[in-house]
2 protein chains.
Amino acid sequence: MQEITGLELSPKKVEYLKFLFKKGGLVRTTDISSQLQVDPSTSTKTIADLAGTGLVEHIPYRGVRLTEKGQLYAEFLVNRHNILSLMLSHYGLSSEEACAETARFESFVSKAAVDKICSSMGHPQTGVCGKIRHISCGIP
Amino acid sequence: MQEITGLELSPKKVEYLKFLFKKGGLVRTTDISSQLQVDPSTSTKTIADLAGTGLVEHIPYRGVRLTEKGQLYAEFLVNRHNILSLMLSHYGLSSEEACAETARFESFVSKAAVDKICSSMGHPQTGVCGKIRHISCGIP
DNA sequence: CATTAATTTTGGCCATATACCAATTTTATG
DNA sequence: CATAAAATTGGTATATGGCCAAAATTAATG
């Protein structure tokens with residue numbers, strides 16, 4: 001039984017979660033808005049949306065942090081990115097190209113597909129965009 | 001110099017163009033709406049949008065057809081689909097899975113990336129979703 | 001050929017996702 | 001505590017995609 005489809009979040013929300021994961025801990029609205037290049041008011045609103053999903057906890061005027069559920073989900077998101085970009089890098093795309101390309105379409109690739117790709121590649125430990133952990137495949 | 005980025009059309013519009021390409025000739029609004037499972041009024045409006053791009057010609061109450069430009073573009077779209085789904089099929093996805101998966105993200109994959117993947121695979125002639133032609137790579 | 005049926009289009013309206021600006025509120029700082 | 005900085009709220013905007021009801025057009029049938 002699969003509880004995560006990988007298609008739960010919109011592209012921008014995926015960016016938010018990946019950033020929160022990489023940053024870690026309590027992250028300020030301004031950090032997010034400058035990183036994602038949007039107005040602070042935009043990030044505030046998106047954060048409110050995300051808080052509604054239970055993936056993040058928002059402490060007004062203080063910051064946002066991933067919940068436990070969000071932590072797990074974000075780990076999947078980062079893994080998906082790393083696996084897909086590693087795959088593309090096997091087809092003549094440079095690391096930078098693979099990373100940028102993946103960023104555009106990753107949010108539309110299912111966990112089921114990513115799991116198969118990951119298995120097929122032999123659960124690699126390192127991608128072109130960062131380390132790959134395989135908790136969601138049951139590999140620590 | 002590359003005139004097509006592959007990112008010009010929204011996902012739904014890509015579906016329209018691929019369908020028009022596969023159907024060929026003058027296609028009725030009803031054909032489209034039943035194929036894409038949308039209300040006829042929705043397809044009428046999307047067709048109007050597409051007509052604005054010069055990719056299709058709309059003859060009111062008669063049907064829609066690809067322009068010459070649209071024909072070339074749609075051929076790229078179908079090729080992109082076939083190349084990406086073929087790629088996925090190399091990672092343990094069945095033809096059906098690869099096809100369905102690709103359908104979700106293909107509109108966010110650039111022509112530049114597709115060209116590299118295509119070259120890297122040796123310009124295959126057959127995919128899991130259909131024949132692949134390589135006119136846009138300069139291979140007839 | 002005239003009426004009816006089917007198809008298509010229009011107009012109105014709605015939802016989601018993103019985004020900005022201006023104004024306000026809260027927190028931080030000197 | 002006064003002011004600056006950060007964050008939020010409220011308003012508004014665009015793009016995409018969608019539906020329904022009504023009107024227009026074309027097709028079909030007696």
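These figures come from a predicted structure and were not determined experimentally. Values reported hereafter were calculated over all heavy atoms of this structure, with side chains retained and with hydrogens, waters and symmetry mates removed. Convention: sequence-line order gives letters A, B, ...; per-chain numbering from 1.
Between the side chain of Thr67(A) and the backbone N or O of Gly54(A) there is at least one donor-acceptor pair closer than 3.5 Å.
Annotation: proximity of residues 9-22 of chain A to DNA chain C (heavy atom, distance under 4.0 Å) is found for Ser10(A), Pro11(A), Lys12(A), Lys13(A), numbered in ascending order. A heavy atom lying under 4.0 Å from DNA chain D marks the following residues of residues 42-51 of chain A, by number: Thr44(A), Lys45(A).
Linking ILVMFWY side-chain heavy atoms closer than 4.5 Å, directly or via other members, places Met121(B) and Ile117(A) in a single hydrophobic cluster. Note on Val27(A): it clusters hydrophobically with Leu9(A), by side-chain heavy-atom contacts below 4.5 Å among ILVMFWY residues.
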Short N/O separations, protein against nucleotides 26-30 of chain C, under 3.5 angstrom:
| unit_1 | atom_1 | unit_2 | atom_2 | d |
| --- | --- | --- | --- | --- |
| dT27(C) | O3' | Arg62(A) | NH1 | 3.4 |
| dA28(C) | OP1 | Arg62(A) | NH1 | 2.5 |
| dA28(C) | OP2 | Arg62(A) | NH2 | 3.4 |

Contact list (N/O, under 3.5 angstrom) for nucleotides 1-5 of chain D vs protein:
none

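Scanning for side chain to side chain contact (heavy atoms under 4.5 Å, CB included) contacts around Arg65(B) gives Leu26(B), Glu57(B), Ile59(B), with sequence neighbours left out. By the salt bridge (Lys or Arg N to Asp or Glu O under 4.0 Å) test, Arg62(A) pairs with no residue at all, sequence neighbours left out. Residues passing the ring pair (Phe, Tyr, Trp, His ring centres under 6.0 Å) test with Tyr91(A): none are found, sequence neighbours excluded. Residues passing the side chain to side chain contact (heavy atoms under 4.5 Å, CB included) test with Cys99(A), sequence neighbours excluded: His81(A), Cys129(A).
Taking side-chain N and O atoms only, Ser41(B) has no distance below 4.0 Å to OP1 or OP2 of dT10(C).
Residue pairs meeting the salt bridge (Lys or Arg N to Asp or Glu O under 4.0 Å) criterion with at least one member in residues 33-53 of chain A, sequence neighbours excluded: Lys13(A)-Asp49(A). Residue pairs meeting the ring pair (Phe, Tyr, Trp, His ring centres under 6.0 Å) criterion with at least one member in residues 95-119 of chain B, sequence neighbours excluded, are Phe105(A)-Phe105(B), Phe108(A)-Phe108(B).
One interatomic measurement links the two molecules: CD1 of Ile32(B) to P of dG17(D), which rounds to 14 Å at whole-angstrom precision. Between the C1' atom of dC20(C) and the CD atom of Gln37(A) lies a distance of 15 Å, rounded to the nearest Å. Between Ile59(B) atom CD1 and dA24(D) atom C1' the separation is 18 Å, expressed in whole Å. Taking atom CG on Asp39(B) and atom P on dT16(D), their separation rounds to 20 Å, with Å as the unit. Following rounding to the nearest Å, Phe108(A) (CZ) and dA17(C) (P) show an atom-to-atom distance of 11 Å.
With dC20(C), dC19(D), dT9(C) as the candidates, the nucleotide lying closest to the side chain of Pro40(B) is dT9(C).
Here the shortest heavy-atom pairing between Ser107(B) and Val14(B) reads CB-CG2, 3.8 Å.
Residue Leu7(B) is found outside any hydrophobic cluster, as its side-chain heavy atoms come under 4.5 Å of no other Ile, Leu, Val, Met, Phe, Trp or Tyr.
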Extract all donor-acceptor atom pairs below 3.5 Å that involve side chains of residues 17-24 of chain A and protein atoms in other chains or at least two apart in sequence.
| unit_1 | atom_1 | unit_2 | atom_2 | d |
| --- | --- | --- | --- | --- |
| Lys18(A) | NZ | Glu106(A) | OE2 | 2.6 |
| Lys23(A) | NZ | Asp31(A) | OD2 | 2.7 |

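Taking CD1 of Ile83(B) as the start and CZ of Phe76(B) as the end, the distance is 8.5 Å to the nearest 0.5 Å.
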